[in-house]
Amino acid sequence: MRPTLSTLKAVWPVLRRAIASGQLFRPQCEMVAPDPDIAVTWDVRVPMSEGYALTAQVFRSRRRMAAGERDPVIMCAHPYDNRKVPALGNTPLGGPPAQYRLLPQVGPRPRFSTQTSWEAPDPNLWVPAGYTLVNLNLPGFGDSGGPASILSAHQGRCFREAIAWAGAQDWSTGAVGLCGVSFLCMSQYLAAAAPEGEALPDALKCIVPWEGVSDLYRELACRGGIADTGFLSFWWETEVQSSLNVSLEEYLAVEENIPVEALAAHPFYDDYWRAKVPPLERITVPMLVCGSFSDHELHTFGSFRAYEKAEAQQKWLYTHRSGKWTEFYRAETTDLIRAFLDHFLKGETTGFADNPPVRLEVRSTRDRVHAVRWESAWPLPRTEYRPLYLSVDGGLGPDRAGVAERASYDAATGHLAFEHVFAEDTELSGYMKLSLWVAAEGAADMALCCFVDKRDSAGRSVRFNGSVGQTEDMVTRGYGRATRRQLDEAASTPWHPVPLCEADDPLGQGEIVRLEIALCPSSTFFAAGERLVLIVSGHDIVYAPIFRKDTSCNRGRHILHFGGQHDAHLLVPVIPAKDSATRFDAFATI
């Protein structure tokens with residue numbers, strides 16, 4: 001199948017940068033040789049009740065094998081083909097997985113062994129720690145049999161069967177934990193959120209879902225009602241299609257469409273998309289979730305949603321604003337994950353369970369961490385949600401204009417900016433929500449791209465880490481489409497509106513409508529004199545390579561109304577210092 005135009009548009013900026021920077025030939029990672037104690041059994045057949053087998057790579061300790069010892073098991077499952085590892089010579093030029101040649105890394109380069117597949121746990125980290133590691137191909141991918149699908153209930157059911165198999169092997173203690181990044185996180189949701197009528201395997205004791213989407217339509221494919229035409233094209237062409245173990249025709253017989261074409265066939269939030277949403281409320285096993293503040297285009301919403309929705313009595317949230325892969329493989333993070341796994345898989349007293357539920361990282365800039373502390377819940381219970389009202393002079397403050405005002409910009413190329421100066425040190429940690437009153441001049445629809453920027457006291461932009469290695473991101477961002485302004489009231493909260501997206505409701509000529517836009521969770525410190533700038537635009541002000549928003553509906557002018565009956569405002573999550581409950585009295589109370 002030839003790459004689509006949308007694929008070429010998504011891949012080219014990344015490829016051009018990789019060529020120009022030399023990364024294509026000098027991958028941004030460090031590989032090390034496998035620990036000599038690791039014994040690998042390649043292509044182990046894992047039988048399924050449907051009559052075919054999945055394939056797994058099993059990594060064990062030679063020393064513990066010789067002693068006849070059993071180990072607890074760490075598993076991951078994905079569609080990426082677990083044979084694509086440098087140790088087998090199945091990666092480009094014998095180097096690391098291809099993604100490290102294309103996607104820039106943030107911070108210290110990820111370091112892993114040559115037996116590590118894309119976004120998977122490193123055997124060098126876990127076998128010496130007393131575990132057996134099982135790296136599984138999902139049905140229809142790599143050498144695994146069965147029908148190939150993407151984020152299906154069937155994948156979850158097969159993963160559960162494989163977990164039961166791992167727990168029953170003579171080299172296993174019967175305790176299995178799941179771990180992995182991105183899709184290897186999402187497959188954990190599928191496995192641990194067993195639908196009603198299906199039981200979890202007794203062997204599954206805990207999960208470590210490290211940054212992943214939990215609602216493909218609402219968080220990625222059509223966030224805020226605006227289609228993303230880039231990422232799914234890139235992902236399919238560079239990571240998934242080559243791993244299919246079935247023909248494209250067989251894949252389409254199950255999935256109907258390749259991911260990038262699914263929106264054309266299913267533009268609204270229908271049963272096709274709902275079937276790809278795991279019932280997160282059915283997750284009851286202990287979980288350590290990674291919620292990244294630096295992946296606003298991809299995993300941020302899904303990770304925090306999974307943590308909030310899961311019914312697990314023992315659950316923890318680890319937040320950061322570093323690079324996805326750097327953070328997963330760095331020693332300090334691995335130590336924390338190990339303390340969690342040792343507690344729940346080995347029954348050891350590691351002290352992990354004494355930690356409060358939320359590890360919060362607050363940044364003041366891309367490279368400066370203002371604070372790291374443990375909190376009792378997410379969102380933080382002491383959050384004070386405060387409205388900052390938009391005004392025609394570009395102000396953003398606690399006072400709402402008494403008279404009706406309006407401002408406009410060119411729908412295709414323009415934007416409006418609104419600024420708030422902090423009179424004292426202020427932490428904003430949590431969800432922001434933008435409530436606008438809008439009208440379109442010359443069109444029946446409008447797509448809005450909205451950003452919150454931080455400026456220092458001199459007015460210079462302060463940058464943060466963003467998706468797929470971007471280092472010039474703003475504090476947070478969100479998207480909204482006027483024709484899909486109706487909210488899913490059951491899924492929405494006062495600080496996080498969720499568009500229903502079940503139908504279009506075109507704008508009438510001159511019609512003014514309310515549009516509520518969810519901005520990604522973030523955690524940022526503003527010193528006194530620093531500024532928050534809200535930018536409302538019809539296009540992506542801060543472009544993140546791979547991700548491409550379809551704003552082709554924008555024509556004519558966008559008109560924003562505020563003041564009087566139009567309470568246009570940005571709702572911000574102010575975190576008062578624990579020793580000063582009245583610190584932010586300058587803000588009006590909502």
Side-chain angles (χ1 to χ4, degrees), residues 28 104-111 181 210-211 288-300 303-304 307 316-337 339-340 352 355-380 382-383 422 424-432 452-457 460-477 519-532 542 572-580 583:
Q28 291 186 354
Q105 304 298 307
V106 170
R109 295 184 175 186
R111 188 172 188 268
V181 181
W210 205 262
E211 300 189 38
L288 171 58
V289 181
C290 177
S292 167
F293 295 130
S294 52
D295 204 8
H296 289 168
E297 289 286 16
L298 186 56
H299 290 146
T300 297
S303 300
F304 285 90
Y307 175 79
W316 287 264
L317 176 66
Y318 177 98
T319 71
H320 72 90
R321 193 151 194 180
S322 182
K324 179 190 284 96
W325 305 285
T326 293
E327 194 74 12
F328 180 66
Y329 290 112
R330 77 184 184 105
E332 293 86 351
T333 308
T334 301
D335 288 345
L336 187 69
I337 296 173
F340 172 84
F352 182 90
N355 287 321
V358 178
R359 184 261 194 194
L360 183 68
E361 178 188 282
V362 187
R363 292 236 174 185
S364 54
T365 72
R366 174 182 57 212
D367 303 315
R368 180 177 298 173
V369 175
H370 173 73
V372 175
R373 63 177 186 268
W374 291 88
E375 293 281 352
S376 63
W378 179 270
L380 276 58
R382 67 183 188 282
T383 304
F422 289 94
E424 53 189 342
D425 293 354
T426 305
E427 178 187 327
L428 303 183
S429 291
Y431 294 89
M432 297 189 199
V452 169
D453 192 15
K454 178 181 177 179
R455 307 276 174 89
D456 64 17
S457 57
R460 296 167 299 204
S461 288
V462 176
R463 291 309 191 213
F464 296 87
N465 293 317
S467 295
V468 293
Q470 186 200 47
T471 57
E472 299 296 320
D473 205 6
M474 293 188 181
V475 171
T476 185
R477 62 176 67 201
L519 280 69
C520 278
S522 56
S523 184
T524 311
F525 174 77
F526 294 81
E530 293 185 327
R531 311 169 190 187
L532 180 154
V542 183
V572 296
V574 177
I575 307 302
K578 291 184 178 180
D579 60 352
S580 177
R583 184 178 178 188

Quiz item: Do the non-hydrogen side-chain atoms of Pro110 and Phe328 ever get within less than 4.5 Å of each other?
Solution: no

Quiz item: Can you tell me how far the OG atom of Ser461 sits from the CG atom of Asp453, to the nearest 0.5 Å?
Solution: 4.0 Å

Quiz item: Is there a donor-acceptor pair under 3.5 Å between the side chain of Gln28 and the backbone N or O of Gln105?
Solution: yes

Self-check item: Test: Arg321 and Asp367 ion pair at under 4.0 Å
Solution: no

Quiz item: Which pair of heavy atoms, one from Trp316 and one from Pro356, lies closest together, and at what distance?
Solution: CD1-O, 3.1 Å

Exercise. Taking Thr326 for its side chain and Val106 for its backbone only, find out whether a donor-acceptor pair lies under 3.5 Å.
Key: yes

Quiz item: Are Val452 and Met474 side-chain neighbours, meaning at least one heavy-atom pair lies under 4.5 Å?
Solution: no

Exercise. Compare every heavy atom of Asp456 with every heavy atom of Arg531, then report the nearest pair and how far apart it is.
Key: NE-O, 3.9 Å

Exercise. Return the minimal non-hydrogen interatomic distance between Thr383 and Leu380, and the atom names on each side.
Key: OG1-O, 2.5 Å

Quiz item: What's the verdict on side-chain contact (heavy atoms from CB on, under 4.5 Å) for Trp210 and Thr333, showing C-alpha distance, side-chain angles and the deciding distance?
Solution: CA-CA 11 Å; Trp210 205 262; Thr333 308; 3.3 Å; yes

Quiz item: Say you draw a straight line from OG of Ser322 to CZ of Arg330; how long is it, rounded to the nearest 0.5 Å?
Solution: 7.0 Å

Practice problem: Please round to the nearest 0.5 Å and tell me the distance separating atom CZ of Arg477 and atom CE of Met432. | Solution: 13.5 Å

Self-check item: Ser364 side-chain N/O to Phe525 backbone N/O, donor-acceptor pair under 3.5 Å
Solution: no

Quiz item: Which is it for Gln470 and His296 under the side-chain hydrogen bond (donor to acceptor under 3.5 Å, both in side chains) test, yes or no, and what are the steps along the way?
Solution: CA-CA 11 Å; Gln470 186 200 47; His296 289 168; over 6 Å; no

Quiz prompt | Residues forming a side chain to side chain donor-acceptor pair (under 3.5 Å) with Ser457, sequence neighbours excluded | solution = none

Practice problem: State, with a plain yes or no, whether a side-chain heavy atom of Glu361 is found less than 4.5 Å away from one of Ser523. | Solution: no

Quiz item: More than 12 non-hydrogen atoms from neighbouring residues, nucleotides or ligands closer than 6.0 Å to CZ on Arg463, yes or no?
Solution: yes

Quiz item: Backbone N or O of Thr476 within a donor-acceptor pair of the Ser522 side chain at under 3.5 Å?
Solution: no

Self-check item: Test log, rule side-chain contact (heavy atoms from CB on, under 4.5 Å), inputs Arg373 and Val362
Solution: CA-CA 9 Å; Arg373 63 177 186 268; Val362 187; 3.8 Å; yes

Self-check item: Side chains of Asn465 and Thr471, donor plus acceptor under 3.5 Å
Solution: no

Practice problem: Just jot down the side chain to side chain donor-acceptor pair (under 3.5 Å) partners of Trp378, sequence neighbours excluded, or say none. | Solution: Glu308

Quiz prompt | Value rounded to 0.5 Å, distance of OG1 in Thr300 from CG in Leu519 | solution = 12.0 Å

Quiz prompt | Nearest heavy-atom neighbours spanning Ser303 and Val289 | solution = O-CG1, 3.6 Å

Quiz prompt | Heavy-atom check, side chain of Leu428 versus side chain of Val475, under 4.5 Å | solution = no

Quiz item: Which heavy atom of Pro357 sits nearest a heavy atom of Ser376, and at what distance?
Solution: CG-O, 3.3 Å

Quiz prompt | Nearest atoms (heavy-atom pairs only) where Ala528 meets Asp425 | solution = N-OD1, 2.9 Å

Practice problem: For the pair Tyr318 and Arg359, evaluate side-chain contact (heavy atoms from CB on, under 4.5 Å) and give the outcome as yes or no after the intermediate values. | Solution: CA-CA 5 Å; Tyr318 177 98; Arg359 184 261 194 194; 3.6 Å; yes

Exercise. Look up atom CZ in Phe526 and atom CD in Glu424, then write down how far apart they are to the nearest 0.5 Å.
Key: 14.0 Å

Practice problem: May I ask you to test the Lys324-Ser292 pair for a side-chain heavy-atom distance under 4.5 Å? | Solution: no

Quiz item: Does the side chain of Val372 reach to within under 4.5 Å of the side chain of Arg363, using non-hydrogen atoms?
Solution: no

Exercise. Using the side-chain contact (heavy atoms from CB on, under 4.5 Å) rule, take Phe293 and Leu360 through it: C-alpha gap first, then chi angles, then the decisive distance, then the call.
Key: CA-CA 10 Å; Phe293 295 130; Leu360 183 68; 4.0 Å; yes

Quiz item: Rounded to the nearest 0.5 Å, how far apart are CG of Asn355 and CG of Leu336?
Solution: 6.5 Å

Quiz prompt | Beyond-backbone contact of Tyr329 with Thr334, side-chain heavy atoms, under 4.5 angstrom | solution = no

